[in-house]
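Keep in mind that the numbers below use all heavy atoms, side chains included, and drop hydrogens, waters and symmetry copies.
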Amino acid sequence: MNYAGTLARIALTYGNRPAISKGVTVQRRYSELADRVTRLAASMRGSLGLAPGDRVALIMKNCVEDIEVMYACWHAGLAAVPVNAKLHPREFGYILENSGAKLCFITSDLAEAVADARSDAPELERVITVATPKYEALCASETMTMAEVTPNDLAWLFYTSGTTGRPKGAMLTHRNVHSMTMNYLVDVDVIEPEDCMIHAAPMSHGSGLYALPHVARGANNVIPESGGFDVDETLELIKHWPGCTFFFAPTMVTRLINAPTIAKADTSNLKTIVYGGAPMYLTDTLKALDLLGPKLVQIYGQGESPMTITGLPKRIFLDPQNPRYHERLASAGVARTDVEVRIVDEDGAPLPVDAIGEITLRGDVVMAGYWGNPEATANAIRDGWLWTGDVGAIDAEGFLTLKDRSKDMIISGGTNIYPREVEEVLLQHPSVYECAVVGRPHSDWGEEVVAFVVAHPSQAISAEELDQLCLDNIARFKRPKDYRFVDSLAKNNYGKILKTELRLIFETEKAG
């Protein structure tokens, strides 16, 4: 079943409802969007010469045309390759070459960067800038009947963030995106046509994936005028649009709840903030609940299992009388409805309750594999189970607690230390805004714990205060041996803290 059918069906019933808006202005209604999709799809298969299964890259900042191009690809039987607009031209070139994309849609501000990337992508035949007369002409051709596809045909080639090595293209099929959409509607939130999704995070990633269930239910997709996340703009959009949902990285939630204007802001239209991509610390979660009300949903997923492994639904946040309330909020939630999750040892043997090991899962949402990389696929998917590379434990009530990425675990004196546990303690200090804990090579112990700390503006913190805080809350061997006070922490284009960059500091110091 072609996923583009979700748009075609909803347009019949809710054709006059807003489908895509920019700022506070409606740009496409569902009947118009569906019509333009069929015409753009016809142009792709006709004048642009694409064949079923060809890949189409989307290198665009968040814009009205993003959803239009995506659904046109599917309607035409093609595969979409959304690319983060913040990448370097060389990274654009790698993804274009690796995916074998023949066509690329861009926003005008990225024309120069994509032109630089074309030399690395010999199969790329055309680059088309959206919101131009040429693009509009493509959307005004004759229509075409929706292409027949199988559930296992490629729909979205999702490139991982590539924090270590080259990014890999996770092959998401029509079955995968159908499964993700259905899982959202069962486990994350109910969507009504009067609701909206505000895309303040990159649509090449989680926010774009969550456009799909909103389109499937006839809701409005709102693109901020800035194309991204600005706290004041976000608060103005919440005031204007009813039933607002966001997908945020935890760092975006932190920026929102620490903004000077948040206490007096009207957030009554805010319906849901889905946060994911990294764990959110308990102190931030509690502050968000206090300021915004019970409007949080946590999801744990990966590009390889889009947005769907475990989750904390709203009902968990609404149960403060539960004796394990704080433990539950600090967890990554329970397995989603159509996913099996288990913790295994290095040989793949299931581990008992509360034992720490690698998180694995299986279900219809798991990718078909990595594009053109059978070795990586065989390492990631074993006997039908996806190995996430994340370390965690599942308790007797089914709640998964993430410890860390396996590569981020610190081994000191033969003992495992999980950075997140130390970070949770440091964030109890009222002056700590952000922190990241990493391992530094040590000649005797293998590694030692180092904390990088960002203070709230105009607030001072001493290493002695933080050391005492750790001694009061965790075992002595886990406390940092060094505290580095910095102005900011390096993050990737999706807001995740780059611990790889922090570890490089130690290599530079050693070389110096």
Could you check if a side-chain atom of Arg217 sits within less than 4.5 angstrom of a side-chain atom of Glu192, using non-hydrogen atoms only? no
Are side-chain heavy atoms of Val297 and Ile273 found at a separation under 4.5 Å? no
Ring pair (Phe, Tyr, Trp, His ring centres under 6.0 Å) between Tyr275 and Phe247, worked out: CA-CA 6 Å; Tyr275 64 94; Phe247 171 72; 9.2 Å; no
Might you confirm whether atom CZ of Arg382 has over 12 heavy atoms from other residues, nucleotides or ligands at distances under 6.0 Å? yes
Is it true that Arg362 and Glu304 have a side-chain N and a carboxylate O under 4.0 angstrom from each other? no
Test log, rule side chain to side chain contact (heavy atoms under 4.5 Å, CB included), inputs Trp156 and Thr173: CA-CA 7 Å; Trp156 183 316; Thr173 66; over 6 Å; no
Between [X] (side chain only) and [Y] (backbone N and O only), is there a donor and an acceptor less than 3.5 Å apart?
X: Asp187; Y: Thr337; answer: yes
X: Glu91; Y: His88; answer: yes
X: Thr234; Y: Asp230; answer: yes

Donor-acceptor side-chain pairing of Asp338 and Ser179 below 3.5 angstrom: yes
Test applied, side-chain contact (heavy atoms from CB on, under 4.5 Å); reference residue, Tyr210; option that passes from Asp189, Ile299, Ile191, Val215: Ile299
Residues forming a ring pair (Phe, Tyr, Trp, His ring centres under 6.0 Å) with Tyr483, sequence neighbours excluded: none
Decide if the gap between the ring center of His214 and the ring center of Tyr184 is smaller than 6.0 angstrom. yes
Residue pairs fulfilling ring-ring contact (aromatic ring centres under 6.0 Å, His included) with at least one residue in residues 303-339, sequence neighbours excluded: none
